[in-house]
Protein chains: 2
Amino acid sequence: MPKKRTLPYILLGLIHSNHQLSGYQMMQEFKHEISDFWTASHSQIYPELQRMTDDDWIAPVTSPFNVDTKRNQTFYQLTATGEQVLEDWLREPLTTTNDDLFPLKLFFIDDQQSDLLKPLIAQQLQLSTDRRDYLLGRMATVFPTEAEIQAHYGHYLTLTRGIERESSYVKWLVDLAISLNDIDDSN
Amino acid sequence: MPKKRTLPYILLGLIHSNHQLSGYQMMQEFKHEISDFWTASHSQIYPELQRMTDDDWIAPVTSPFNVDTKRNQTFYQLTATGEQVLEDWLREPLTTTNDDLFPLKLFFIDDQQSDLLKPLIAQQLQLSTDRRDYLLGRMATVFPTEAEIQAHYGHYLTLTRGIERESSYVKWLVDLAISLNDIDDSN
DNA sequence: AATTGCATGTAATAGGTTACATGATTAT
DNA sequence: ATAATCATGTAACCTATTACATGCAATT
């Protein structure tokens, strides 16, 4: 299977969260808000918007209010199809092969009460736990004694760091899941 | 400037740490040890090894010991040029634009006493601190009150997570730097 | 006998970056 | 005036993934 494209879904999510956006504004979102977990340049965004318009996922809006800003910018809104495509993408379970989708999908869940939130967190918790356990297993097999550590100290440090990283991720996810349940219980 | 390639340097580092390696073994390294921070498939590795041989960074070794394993595999060793190229690459300072090189370079520093270790950690500490502070600034501007959090809860969570991630990275780096200094002092 | 792993290689394609290009507006 | 920012678009190039391909060795 070909590698799944994610850019169009991000653009759908961005437009959804902001009601309507221009290509330039999407660029800014990438620069300021999404830079932490994804990148995209304007030379990717503009052709993609064209394709998405052709596929009827989004539609350009000729804004009548835009007389003041004398700039020629095209705003886009989601079509009904686009809304559905975004929803379907958000509901697709996370997999090992296509990781790092968690922060991206999370980013687009605006509502704390969304029924998408808990399953998403649970899925990432599973992935991160598995990853941590894999790294712990590596540590046990590759560095059984102090001798191996001294022979490949940098390798040892990267493994240590990986385990710390995943452990802290797991902890954050667990704490988040608990806090969300507490909010539910108090209602 | 064109985007800098990193694969050849990783291959140099792998060969360096293991004295000599076959393409297949490098593949295994990617699968088991490096998968945490880099990926490469055999269809990348083999042509790259050819290019590096052409550039005289590495040289194939016709191992006389390989009569038992009846497999036709080519082992590679570093040339003097290759050693130098690797060394130079490891000494290049980390930059914001080409990040995630830290775990990679760290991986190839076998010796705890290497003079490359401390500067590398110091550089990553600077980058991670800057990143954390950037995210903290974003948090302050994008989510000044509870209202904004409720309106874009997922975005808020990703920012929270990013800050936690960088903070834990900073802490790990600081602790590591301290522990390395302690070792020095006791000698 | 059939499957899995070892071992290497090339071709087609997708994805993304850099560079090239244009024109208007706003700030210095 | 000049530079920076807004705003959009295309072309060239590079990188990386998937697929196609081969052949032997070891295991089931």
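Model, not experiment: these values are computed from the prediction. The sequence lines fix the lettering, A, B, ..., with proteins before strands; numbering per chain opens at 1.
Residue A/W38 has its side chain nearest to C/dG16 when only D/dA7, C/dG16, D/dT10 are considered. In this structure, the nucleotide among D/dT8, D/dT17, C/dT17 sitting nearest to the side chain of A/Q44 is C/dT17.
Between the side chain of B/S41 and the base of D/dT18 there is no donor-acceptor pair of N/O atoms closer than 3.5 Å. Side chain A/S22 to base D/dT8: no donor-acceptor pair is found below 3.5 Å.
The distance from atom CE of B/M27 to atom P of C/dA7 is 10 Å, rounded to the nearest whole Å. Per the geometry, OH belonging to B/Y24 stands 10 Å off C1' belonging to C/dT4, to the nearest Å. The nearest whole Å value for the distance from the OH atom in B/Y9 to the P atom in D/dT15 is 11 Å. Across the protein-nucleic acid pair, A/M26 atom CE and D/dA7 atom P stand 13 Å apart, rounded to whole Å. Atom P of nucleotide D/dT8 and atom OH of A/Y46 are separated by 4 Å, given to the nearest angstrom.
Using cut-offs of 30° and 60° on the angle between ring planes, the pair B/W89 and B/Y9 is parallel.
One side chain, A/T145 or A/E148, offers a donor N or O that lies under 3.5 Å from an acceptor on the other.
Ion pairing of B/R91 with B/D115 is present here, as a side-chain N (NZ or NE/NH1/NH2) and a carboxylate O approach within less than 4.0 Å.
Legend: ring-ring contact (aromatic ring centres under 6.0 Å, His included) pairs involving residues 158-184 of chain A, not counting sequence neighbours: none detected.
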